[in-house]
2 protein chains.
Amino acid sequence: MSTELNGMPSPLTTSPRATMKDVAALAGVSLKTVSRVINEESTVNAEMVERVLAAASELRYQPNFGASALRRSDRRSSQIAVLLEDLSNPFSAAIYRSIEEVAMREGFTVLGASFDEDPSREPALVGTMIRHRVDGIVIAPASQEHAYLEVEQQAGTPIVFVDRPPVNLRADCVMSDSYAGSMEAVKHLAAQGHRRIAYLGDLSTIVTAQERFRGYRDALKELSLEQDPALMSKNLRTVEAAEAAVAAMLALDAPPTAIFTGQNLLTIAAVRALRTAGREYDVALVGFDDFLLADLLRPGVTVVAQDPWRIGQIAASLLFRRLRGEQGPAERMIVSTELRERGSGEIALS
Amino acid sequence: MSTELNGMPSPLTTSPRATMKDVAALAGVSLKTVSRVINEESTVNAEMVERVLAAASELRYQPNFGASALRRSDRRSSQIAVLLEDLSNPFSAAIYRSIEEVAMREGFTVLGASFDEDPSREPALVGTMIRHRVDGIVIAPASQEHAYLEVEQQAGTPIVFVDRPPVNLRADCVMSDSYAGSMEAVKHLAAQGHRRIAYLGDLSTIVTAQERFRGYRDALKELSLEQDPALMSKNLRTVEAAEAAVAAMLALDAPPTAIFTGQNLLTIAAVRALRTAGREYDVALVGFDDFLLADLLRPGVTVVAQDPWRIGQIAASLLFRRLRGEQGPAERMIVSTELRERGSGEIALS
DNA sequence: CTGAAAGCGCTTACAG
DNA sequence: CTGAAAGCGCTTACAG
């Protein structure tokens, strides 16, 4: 397990990094010639190219992107920012990876950061990214007011919204079809005979949570099912709160026979609550957003799946299109969801 | 769902970003005075501070970190790189978030990138990060040779390894105790009476995979259990391969009665294979590394849990200590694992 | 094809 | 307390 090298003192000598000037001196050419070789301009004499490359390699020269960006006319930093709610949430992580893949292909690096659903951190983090002069921003916003970003757009920094739309700002946006997906979930439950379908939802300030609730309620209306406020629980922020909400509903005189959960963690909370009550084969359940191992639970959990990889690909391609100078109006892309039947959603009304 | 603003043409005007010079001109002071105010040097006249801040705010001035770093004597970019195998793997994601949290507190941003277990991408990505002049690097290496990083260390860039140790390089390192954790897992299975305990492992080139196998084998030796090569499957790279390996073992004349899996995805594969064979309540299972919902499966999956959050905290604190100039020898921190009994590992030999 | 001078947006080192 | 000059590591714009 242990390498002999470890435990020995680290070298105290720090040799400063070589600059282009050092390379020029060693190769016996001018600064500008080194610059040409490093940037692969074709107009340089082959012999000089060789001399410069040898010197660069001997000094282990690494060009300074930042210094180069500062002087270049495009002033591009080759960095983009990806700001998400929580990188450790699988939905966010998949979007991040998807964008990272495109960025890498385009020669860009990604500055990533998480809001943890704290709206006040949003402008602060965006500010930090702007001070680092990122060339573009992909953001799943935590706040409800984005006018402050207009000045960044006008400074030429494209901004693409994912998962949630911009408020008071014209910007490209890629989202799942929350409304249609929720409607499909509720109709699927109704098709199994259920008439008392409960709803569990995230913070109502979040636009997607509003949309999912609207899909739920409009489906009930369309199907002429009763809308019982006792079966609707919104603003659930923790797994514990969601579990308690389900337990309370199950204890009602007229309990729900089916549940639609508007989010990942709420779905898992519902599974736990149904298990605790011993009702998991009895009360139907459909969740919005898929999660790992949903198929291995018993019963398997039926979900309306989002496609975070696709959302990321579209967002990244919009961003890089803007970076290439495309000017058109702000685009709004809606990515459809997919019902995945696994058992819990197919439990019929007994 | 739709904001009226969307669909309208974006503003075509791009007003360039204000510089410190612009702020100085508007405030009627010198460049240097603006610099003093922006950097909160206390020696500035209160009235001037006000004038400068008003001008900065009117122009929506955002200082340019890169330009400032270029000239400052410390030449710090306030960026660190976090290079992991795959940010969408929960283990990596937790480490990332943990480091991000410390970095943010220290006023640093994080450049994140994933290797996807491709060793050749490692030096390439590190090179990119160096060209961006990150101040430090946290890396879960994909390669088996890190001498190339010595020049970066000597240029003053601290490098901290996580999850896997450096090879041919002296550097700080934070890892789980793979050997002890694996040994504990196997002994736990043996304590339930099992004598034919199988092993499933990741690529043998990965040091942690080697350590976990060593822990497994040494436990067998210590307990005087037979070492049957037919019960050892290494170099498993996909869930499918792992499922097939388990299926093949179960079909042996002398099948295993218990399984130890050396990694996350292999554990899930084993669960699937046991389910398919209808043996999940029959063959015991302990996995290395915990995963979400392991407790909700039936039987619950017993694991040797790592503590990625803690690994990240330690790695980040080592890194920032080095950035503050601490010189001591390279440190190797071992984070202990924790056996979590949930059912699958407590199935006794029948 | 090659190079000397100027300058990107800032901070340093120095005067006043 | 305030500012004019020089320079960080590069590229631009121009000469030769």
In whole angstrom, what separates [X]'s [atom1] from [N]'s [atom2]?
{"X": "B/Asp74", "N": "D/dG9", "atom1": "CG", "atom2": "C1'", "answer": "16 Å"}
{"X": "A/Arg131", "N": "C/dC10", "atom1": "CZ", "atom2": "C1'", "answer": "15 Å"}
{"X": "B/Arg133", "N": "D/dG9", "atom1": "CZ", "atom2": "C1'", "answer": "9 Å"}
{"X": "A/Glu47", "N": "C/dT2", "atom1": "CD", "atom2": "P", "answer": "9 Å"}
{"X": "B/Glu41", "N": "C/dA13", "atom1": "CD", "atom2": "C1'", "answer": "13 Å"}
{"X": "A/Leu31", "N": "D/dC8", "atom1": "CG", "atom2": "P", "answer": "11 Å"}

Consider the side chain of [X], meaning its heavy atoms from C-beta on, and name the nucleotide among [options] that approaches it most closely.
{"X": "B/Arg72", "options": "C/dT12, C/dG9, D/dG3", "result": "C/dT12"}
{"X": "A/Thr33", "options": "C/dG9, C/dG3, D/dT11", "result": "C/dG3"}
{"X": "A/Met20", "options": "D/dT11, D/dC8, C/dA13", "result": "D/dT11"}
{"X": "A/Ser30", "options": "C/dA4, C/dA6, C/dG9", "result": "C/dA4"}
{"X": "A/Lys32", "options": "D/dT12, D/dC8, C/dA13", "result": "D/dT12"}
{"X": "B/Asn64", "options": "C/dT11, C/dG9, D/dT11", "result": "C/dG9"}

Identify the nucleotide, in any strand shown, that forms a Watson-Crick or G-U wobble pair with C/dA13, with both distances under 3.5 Å; if there is none, say none.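 Matched C/dA13 with nothing under the 3.5 Å cut-off.
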
For D/dA4, give its Watson-Crick or G-U wobble partner with both distances under 3.5 Å, or none.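 No nucleotide pairs with D/dA4.
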
Looking for any heavy atom pair under 4.0 Å, which part of the strands does A/Phe65 touch: base, sugar-phosphate only, or nothing?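 The residue A/Phe65 makes no contact with any strand.
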
Check this one for me: any side-chain N or O of [X] less than 4.0 Å away from OP1 or OP2 of [N]?
{"X": "B/Arg71", "N": "D/dA6", "answer": "no"}
{"X": "B/Thr19", "N": "C/dG9", "answer": "no"}
{"X": "B/Ser68", "N": "C/dG9", "answer": "no"}
{"X": "B/Arg36", "N": "C/dT11", "answer": "no"}
{"X": "A/Asn45", "N": "C/dT2", "answer": "yes"}

Is there a side-chain contact between A/Val82 and A/Ile99 in this structure, where contact means two heavy atoms from C-beta onward sitting under 4.5 Å apart?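 The answer is yes, as the side chains (C-beta and beyond) meet within the 4.5 Å cut-off.
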
Under 4.5 Å between any side-chain heavy atoms of B/Val37 and B/Met48, yes or no?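 No - every pair of side-chain heavy atoms lies 4.5 Å or more apart.
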
Are the charged groups of B/Asp116 and A/Arg97 less than 4.0 angstrom apart, N to O?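 So B/Asp116 pairs with A/Arg97 through a salt bridge.
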
Decide yes or no on side-chain hydrogen bond (donor to acceptor under 3.5 Å, both in side chains) for A/Glu122 and A/Tyr148, but give the supporting numbers first. CA-CA 11 Å; A/Glu122 187 192 302; A/Tyr148 76 96; 2.6 Å; yes

Steps toward side-chain hydrogen bond (donor to acceptor under 3.5 Å, both in side chains) verdict (B/Gln79, B/His132): CA-CA 9 Å; B/Gln79 298 189 142; B/His132 278 291; 5.2 Å; no

